[in-house]
Amino acid sequence: MTSTVWTTDMLADATQFLPDSASTSSGRVDTLYLFLVSVTIFFVSLISLLILIFVIKYRRRPDAVRARAPSHKSLGMEIAWSVIPLIIVLASFFWGASIYIDLHTPPTAATEIYVVGKQWMWKLYHPGGQREINALHVPVGRAVKLTMTSEDVIHSFFIPAFRVKQDVLPGRYTQLWFEATKPGEYHLFCAEYCGTEHSRMIGKVVVMEPLEFQDWLRSGEDTVSLAVAGRDLFEKVGCHTCHGPDSGARGPRLEGIYGRQVQLRNGTARVDEAYLRESILKPANKIVAGFEPIMPTYQTTLSEEQVLELIAYIRSLGHAPGADSEDKP
Ligand code: CUA
């Protein structure tokens, strides 16, 4: 029906209405978008045109004989106007679903960065300890995975040039990934109304050449990595008294726990960021088999940033083999 064949020139012209296209997924998103727009334009034109023609052709004339109801129905037409839209709609669905799944499946080798949203700013934490506010520096040509949470209300992390957007929720980790393809500066928005200064909760994403990015990472000389900050915190808060080597096994040991499946009193759980966060803030929710529910909650004691540091430390204690390859939603 719609023989929408886009030449590269037409595509270039049409995409001028869209923001910069600067990630590995933005081209795919745009193509689907253009497909949907052209299907819409095609049918709007077809239907409007037919309405116009019929209005004129079948208008009431003074000498007109009253038309009788048609004596037969056209099976062919009925099938056509059911099957053709069905094919178009199903094609859009599977096409969109495959892009959606890709957008929600970060590659295993992605660089990981943590994001905390709060009224009204974005705080970003690199594993090396570099912190940023309302700015995110990333290398070009490398997958970057963001693990995000909020300190207060729902925000939404949106980089139009990468065609990625993800809600950032209090009490939960959500993820987003992208791979930038062009060095430059791009807009970063909060795309969920979050209070008075929502519209000012903006920033920039700076995409740099890999070497330049390494220099940038090094420029923060005195940064303490998240894992090291987490280790200090682990001692300061007293986690080691139950989870350390001399704890008399009051709590489970944490070495190599990240990425593993653990046996709970009822059921099992996979140890990821969300599990660790829950176990720190609401330890009674999931009790590891063979242990007593004696751990106090740290909900009022620790900030989201400190929880991220503790998670980084626990991750640094070792990886279960092949753990990250199971990192699927
Ligand atoms: Cu944060 Cu809107």
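Read the numbers this way: they start at 1 and go in the same order the structure lists the ligands and their atoms. All heavy atoms count here, side chains included; hydrogens, waters and symmetry mates do not. Counting from 1, the numbers follow the sequence of the chain as shown.
The angle subtended at atom 2 (Cu) of ligand 1 by SG of Cys190 and ND1 of His198 is 120°, given to the nearest 10°.
Between Lys165 and Glu192 no salt bridge is recorded (no basic side-chain N to carboxylate O distance below 4.0 Å). Remark: Lys123 does not engage Glu132 in a salt bridge, criterion side-chain N to carboxylate O under 4.0 Å.
Using cut-offs of 30° and 60° for the angle between ring planes, the Phe158 and Phe189 rings count as tilted.
For Phe178 and Phe162, the ring centers sit closer than 6.0 Å to each other.
If you look at Glu192 and ask which of its N, O or S atoms sits nearest atom 2 (Cu) of ligand 1, the answer is O.
For a distance bound of 2.8 Å, the N, O or S atoms of Met201 include one lying that close to atom 1 (Cu) of ligand 1. Look at His155 and atom 2 (Cu) of ligand 1: no N/O/S atom of the residue is under 2.8 Å from the metal.
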